[in-house]
Amino acid sequence: MSKGFLHHIELYVSDLKKSNDFWGWFLEDLGYHSFQKWENGQSWKLEETYIVFVQVQESFSDNSYHRKNVGLNHLAFHASSRQHVDDMTQKLTNKGIPILYTKQHPFSGGGNHYAVYFEDPDRIKVELVAPELSK
């Protein structure tokens, strides 16, 4: 057991197929593998942590998500290097996924924070951040 580490994250999504298409390649690029799959959900696992995407029930589907409301703002993942961030930025661009904060990219987080920001199909912000360079 890894006390204090996240066990899993579960997100309700508006369109499970779109979310699986979006998240699957990204998570696999980070080393996750398909973990569980059922009619209304899919999960990916990396070591002891997994991320679950579940189709929202129709009765709740008209409540749209916005990261500036109370709740989740964004998910940030570790990149292996600045080159990994650059490679992912190119993959996102090739897939037609808009990069957020392009005027400040890749230092949108300020200072030495080297990252790429983008959104999933439900506009959940995602960040891939490189390790800080040694000082």
Quick one: pull up [atom1] in [X] and [atom2] in [Y] and give me the separation to the nearest 0.5 Å.
X     : Y     : atom1 : atom2 : answer
Tyr12 : Ser19 : OH    : OG    : 13.5 Å
Leu72 : Ile9  : CG    : CD1   : 8.0 Å
Ile99 : Gln90 : CD1   : CD    : 9.0 Å
Trp23 : Leu75 : CH2   : CG    : 5.0 Å

Test of understanding: clusters of I, L, V, M, F, W, Y form through side-chain heavy atoms closer than 4.5 Å, transitively. Do [X] and [Y] belong to the same one?
X      : Y      : result
Val126 : Trp25  : yes
Tyr101 : Val129 : no
Met88  : Ile97  : yes

Tell me, do [X] and [Y] make a side-chain contact under 4.5 Å, heavy atoms counted?
X      : Y      : result
Val13  : Val56  : no
Lys125 : Phe118 : no
Asn20  : Trp44  : yes
Leu11  : Ile124 : yes
Tyr50  : Gln36  : yes
His84  : Leu30  : yes

### Query
For residues Glu48 and His8, is any side-chain donor paired with an opposing acceptor at under 3.5 Å?
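No, His8 and Glu48 have no side-chain donor paired with an acceptor closer than 3.5 Å.
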
### Query
Any luck finding a side-chain donor-acceptor pair between Asp86 and Tyr114 under 3.5 Å?
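There is such a pair between these side chains.
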
Has the side chain of [X] got a donor or acceptor atom that lies under 3.5 Å from a matching backbone atom of [Y]?
X     : Y     : answer
His33 : Lys45 : yes
Gln42 : Val54 : no
Asn40 : Gln55 : no

### Query
Does Gln83 CD have over 12 foreign heavy atoms under 6.0 Å away?
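More than 12 heavy atoms, drawn from other residues, nucleotides or ligands, come within 6.0 Å of this atom.
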
If every non-hydrogen atom of [X] is compared with every non-hydrogen atom of [Y], which pair is closest and at what distance?
X      : Y     : value
Thr49  : Leu6  : OG1-O, 2.8 Å
Leu16  : Gly41 : CD2-N, 3.4 Å
Ala115 : Val85 : C-CG1, 3.8 Å
Val116 : Leu92 : CG2-CD1, 4.0 Å
Pro131 : Ser80 : CG-O, 3.6 Å

### Candidate pair Phe77 and Phe26, rule ring-ring contact (aromatic ring centres under 6.0 Å, His included), full reasoning
CA-CA 11 Å; Phe77 295 87; Phe26 175 72; 5.4 Å; yes

### Query
Hey, are Lys91 and Asp87 close enough for a salt bridge, meaning a charged N less than 4.0 Å from a carboxylate O?
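The answer is no: the pair does not qualify as a salt bridge.
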
### Query
Which is it for Tyr117 and His105 under the ring-ring contact (aromatic ring centres under 6.0 Å, His included) test, yes or no, and what are the steps along the way?
CA-CA 8 Å; Tyr117 297 83; His105 175 77; 8.4 Å; no

